[in-house]
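Along the sequence shown, the residues carry numbers beginning at 1. None of the values given here were measured: they were computed from a predicted structure.
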Amino acid sequence: MHSATIPSQVPSFRVHVRDPPRLHFPGFHKFSRITTNGRTLSTKCCLSVRSEELERLEHSVGDKDAVIIVDHGSRRQESNFMLDEFVAMFKARTGYRIVEPAHMELAAPSIRDAFETCVLQGAKRVIVSPFFLSPGRHWQQDIPALAAEASREHSGVSYVITAPLGLHELMVDVMNDRIKHCLSHVAGDADECTVCAGTGKCRLY
């Protein structure tokens, strides 16, 4: 704190001016940068950016939480079955109590049906996680509208819509694993993966 003296031509008194409060902004981790084709890209993404203080807190899914993993939905049943398999894998790996699949359109269960199933299992908060790569129109408009419509039927149950998969570092490993497996299949050293099984599309043209 410092003092400022008023000039002598006015009645003498002192004005105490408080130093402005020091604002604390959480420091973010430094991220490496990648240069490709003359362009510089940052590896920073919304899923990996955390302040040091937030890292001390544990934000996790609890017993009263439910996760809905939602994709677009397809008329091809094999594509819809793949979401069911992913949900089973996700639930087994995470140990979350309530995890349900949902399709935005074209197939059942819908987001509304999955929401109700979660509530019937005791969920008080529903986490809608889009099984999408990019934050396009479905994430910005369609899924929020469908989730809001579903929630209106269940007062006292909150919900949140997470970011899509996006630019996560682990996606690089997934892509690289797919490439290696497909090349092994083309060479005759591996069977078709579960995604391509029965299609015969994984081949040289």
Side-chain angles (χ1 to χ4, degrees), residues 24-62 65-74 76 78-96 98-107 111 114-115 125-148 158-185 193-196 201-202:
H24 174 71
F25 294 93
F28 290 94
H29 295 293
K30 293 181 179 179
F31 293 87
S32 60
R33 306 185 76 84
I34 301 172
T35 301
T36 174
N37 296 331
R39 297 176 60 197
T40 301
L41 304 175
S42 173
T43 59
K44 179 174 65 176
C45 67
C46 64
L47 293 181
S48 59
V49 177
R50 290 184 179 180
S51 71
E52 293 178 0
E53 289 189 359
L54 288 178
E55 284 183 339
R56 301 191 191 107
L57 302 176
E58 181 67 23
H59 299 286
S60 59
V61 176
D65 291 327
V67 176
I68 295 176
I69 301 176
V70 55
D71 70 357
H72 184 278
S74 174
R76 184 173 181 266
E78 289 81 0
S79 298
N80 298 324
F81 292 154
M82 190 174 69
L83 180 65
D84 294 336
E85 293 181 10
F86 179 80
V87 167
M89 291 167 54
F90 182 87
K91 186 174 183 179
R93 180 73 62 89
T94 61
Y96 295 160
I98 307 172
V99 185
E100 295 292 333
H103 306 289
M104 196 186 71
E105 59 183 5
L106 300 177
I111 292 177
F115 205 104
R125 181 175 65 172
V126 177
I127 301 151
V128 181
S129 187
F131 198 44
F132 290 80
L133 285 177
S134 304
R137 180 174 60 86
H138 291 323
W139 177 71
Q140 293 175 337
Q141 299 177 17
D142 300 333
I143 293 177
L146 292 169
S158 60
Y159 71 94
V160 60
I161 301 171
T162 72
L165 298 174
L167 293 176
H168 196 288
E169 294 174 355
L170 293 179
M171 294 299 294
V172 175
D173 298 329
V174 174
M175 178 70 74
N176 193 33
D177 182 69
R178 287 292 186 217
I179 291 172
K180 289 180 177 180
H181 186 91
C182 287
L183 291 179
S184 296
H185 173 68
C193 67
T194 56
V195 177
C196 298
K201 293 184 177 296
C202 188

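Under the rule for a ring-ring contact (aromatic ring centres under 6.0 Å, His included), H181 has no partner lying at least two apart in sequence or in another chain. In this structure, the side chain to side chain contact (heavy atoms under 4.5 Å, CB included) partners of N80, at least two apart in sequence or on a different chain, are S74, Q77, H103, A107.
Rounded to the nearest 0.5 angstrom, H72 NE2 and I143 CD1 are separated by 9.5 Å. Note: M82 CE to D71 CG = 7.5 Å, rounded to the nearest 0.5 Å. To the nearest 0.5 Å, the span separating SG on C202 from CG on L183 amounts to 8.0 Å. Interatomic distance, CD1 of I69 versus CZ of F86, reported as 5.0 Å (0.5 Å rounding). To the nearest 0.5 Å, atoms CG (D84) and CE (M89) are separated by 12.5 Å.
Residues R125 and S60 share a closest heavy-atom pair of NH2-O, 3.9 Å. P144 approaches I161 most closely through the heavy-atom pair CA-CD1, 3.4 Å. For the residue pair L106 and G73, the shortest heavy atom distance occurs at CD1-O, 3.7 Å. Taking each heavy atom of A102 and L83 in turn, the nearest pair found is O-CD2, 3.4 Å.
Checked options P130, S134, S129, P135; the residue passing with F132 is P130 (criterion: side-chain contact (heavy atoms from CB on, under 4.5 Å)).
Looking only at side-chain heavy atoms (C-beta outward), V61 and T94 stay at 4.5 Å or farther from each other. A heavy-atom distance below 4.5 Å is not found between the side chains of I68 and Y159. Contact check for D142 versus E105: no side-chain heavy atoms found under the 4.5 Å cut-off. Inter-residue side-chain proximity for V195 and R178 is flagged as met; some heavy-atom pair is nearer than 4.5 Å.
Side-chain atoms of W139 come within 3.5 Å of backbone N or O of T162 as a donor-acceptor pair. Remark: side-chain polar atoms of D65 are paired, donor with acceptor, to backbone N or O of G62 under 3.5 angstrom.
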